[in-house]
Every structure is written in structure tokens, then in C-alpha cells.
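Numbering starts at 1 and runs along the sequence shown. All ligand and atom numbering here is 1-based and tracks the order in the structure.
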Amino acid sequence: MMKISKEGLYVHIPFCNKICSYCNFSKLLYSNKFSSKYLIALKNELKKYNNYTFKSIYIGGGTPSSLSYEEEEFLFNVLLPYQDNSFITIEINPDIEEEKIKLFKKYNVKRVSIGVQSFNKNILSLINRDSDFDKIKHLILLLNKYDIYDINLDLMYGFKNQTLNELEEDLNKFTSLKIKHISTYCLQLEESTLLNNMHYELPDDEIIRKQYDFIVNFLKKKGFFRYEVSNFAKDNYQSKHNLIYWNNHEYGGVGLNASSYINNIRRTNTKNLSSYLEGNYQDYEEILSLDDQEFYFIMLGLRKEKGISLSEYKKLFKKDFLICYKDKLDDLLKNKDLILDNDNLYVNEDKMFILDYFLRKLLF
Ligand code: SF4
């Protein structure tokens, strides 16, 4: 039987070896009591996609590298029927063993994302993570040994009392490594995280803005260009998988609290591990009207440096963007908040930090 080719599949592995103080993802400490049962449940859930193959498969978490060697191999085998020369990405933590990296080569993993966040001792102690510069350097060499060069590091900023000098030290270290991509995350205080329970205070918006601008300018000088509000790529190594989301294209999702968007239905899985293990995967679904689809197309598309294509908008929604949004657009264009360049409408690169403000003006 011919399978239908879909853009992307997200696979959630909720286990971690340590819990970070800022984290509100669906995760739990690794325990082999649950991990093997979880992988069996995941295999069963995947059956809903038996008619599909996916161009991109993203294994995220949690920490997928917290699985044992055997579990990781099991997972890669479970995913084989859903592949057709697929581009596979996996998230790892710095403490991964070489044996598991060998598996990446065997199962054709093309991209690796490493949760570094910072090399600053005070920040690492605050967020309860370990990242050692020499270890990361060695890990990158190991990945290269197994032909993985498309490497992302996550960087966090937005900490109270974090100086621009400290941020510069981190950025210098990050960009001295042989990597192609940096994803930045501004610290947020989410409910039921340790930081929130500690009543940690975030810095003022003005300080965060200075940090963001500093990052953008620093990375540009080092050849990492922003292509999405928080993502920077060198040599055009943009995240193929995340572009599926920002382009509002279809994707499947399996695992605890994973989401999918296929045939204009957004489905979200349960956060409850016991329910998931019993086979009650889905929590809720939302059927998107044409208005909803238009909202997401604009909201996600304007996150990208090149913004949205007006001809694509017309093809999808059978109307002219410039006419539909004329009233709201006039001011935004006059103030050079948004820029119209032939077929593309995008946010002024100097004003990307306040993207949400423009989205509110345009969409509400
Ligand atoms: S941030 Fe990542 S590694 Fe840390 S607890 Fe959350 S999922 Fe686990």
C-alpha cells in the first residue's frame, strides 16, 4: 500500500535524569519501571499513523538520551515504518554515552540538539543543570566522528542580575564551538516550577530587551543569522522541523502531552502518565475553522524573519491580505513596524522583540 507523505512527526520522551528548576514540560525522573511500558504505549499509539510516512521526525522531551541503550534502539526500530528517507532530529543532554551516539549513525539521525543553556556556574546552579565547556567540546567532536555536524545548542538568558558581560562570556563560548544553530530561550516563570515556588523575580522588560538585542547583534557578527524570533542559524542550517510549525504545515505527534495538526484538527495528548500507559492517549481536540487557520498562518508566520507570503495567503484563504487588513496595516506600515517587500510582509528586524504587540494590533 502506498503511504501518504506528511511533513513532520513529533515524538515525546518524557524522562529526564534531573529536573530543571524552570521546567514545566511534561516530564518525570527516568525509571525503568515506566520507560519500557511507555515505549510499548508509544508503539501502539503510532499505529494511528500506519498510512503515513514523515519527512521529518523530531524526538524531543524530556530527555530522549535518558533512555537506556536498548530502549533507544527499540525506539529507533519502532519509528522505521514511518520513515521515507526522513530527516531525524534528537534532543540530548551533555552526559550522553558514545554507544548511544553510535546508534544515531546506525539509525540515520541527522541533527542533534543539546540542552546546554549556559556555562555560567551561578546560572547552572540556579536552574539545576550541569554543562561543562570541555565536555561539550568533546561531545561535539564525538558527534562529528559519527558524521553529525548539524548541531544545535540551547541558550538561556533573562536571569536576574545577569550582566551583559556574563552573557557575552556564554555567547563567546557557544560560538567558539563547531555548531550550526543556537536556539535562545528567555527565562519564564511557569506555574508549578521550582523557580516560581521560590518566588524568583525576573528582571525588567528593558533589561531583557537589552540582553535580546545584545544576543542578536553578537550572533550576527559571528555568522549566526536570526531566521525566527529566537532562532539563529549558521550556513543556512535552519531547523527543518521547527519551520513546519512556523509555516503552519501539518505534523503528527505521539507521546505524553504531544500535539498534532492534521486535516485542520489540533489534537493534544494527555499529560497523565497512567492514562497514557492505559492507552487513553488523547486529551482534547480542536477543529480549526478557516478563520482559526488564518490566525495561525499570520501569528506563526510573522515569527519568521521573512514573514508571510501574501500570494500563499491568497491561495489558502482566497482573499487579498492587503485589502482585508487595510485598516490595521496602514499604521503599522507607516511606522515601519511591519515591512512590505513585494510578496513578503515581515516585522521590522529592529522591532522583532515586540512582535507580540504588533500581532495584537493586527489580529485582535
Ligand atoms: S528542561 Fe528538559 S532536561 Fe530539564 S527537566 Fe525539563 S525536560 Fe528535563
Just to confirm my output: which protein heavy-atom neighbour is closest to [atom], and how far is it?
{"atom": "atom 2 (Fe) of ligand 1", "value": "G62 O, 4.0 Å"}
{"atom": "atom 5 (S) of ligand 1", "value": "C20 N, 3.3 Å"}
{"atom": "atom 3 (S) of ligand 1", "value": "T63 OG1, 3.4 Å"}

Y281 ring center near Y276 ring center (under 6.0 Å):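 Y281 vs Y276: aromatic centres under 6.0 Å.
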Y313 ring center near F317 ring center (under 6.0 Å):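 Yes, ring centres under 6.0 Å apart.
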Under 4.0 Å from a heavy atom of [X]: give me the atoms of ligand 1 that qualify, with their elements.
{"X": "C16", "result": "3 (S), 5 (S), 7 (S), 8 (Fe)"}
{"X": "Y22", "result": "1 (S)"}
{"X": "F25", "result": "6 (Fe), 7 (S)"}
{"X": "K18", "result": "5 (S)"}
{"X": "I19", "result": "5 (S)"}

What class does the angle between the rings of [X] and [Y] fall in, given that below 30° is parallel, 30 to 60° is tilted and above 60° is perpendicular?
{"X": "Y212", "Y": "F353", "answer": "tilted"}
{"X": "Y245", "Y": "H241", "answer": "perpendicular"}
{"X": "F364", "Y": "F295", "answer": "perpendicular"}

Polar side-chain atom of E228 near backbone of R303 as donor-acceptor pair, under 3.5 Å: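 A pair under 3.5 Å: no.
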Nearest-0.5 Å distance that lies between atom OH in Y30 and atom CZ in F15: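 CZ of F15 is found 7.5 Å from OH of Y30.
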Atom 6 (Fe) of ligand 1 reached by C23 (N, O or S, under 2.8 Å):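 So C23 does bind atom 6 (Fe) of ligand 1 by this criterion.
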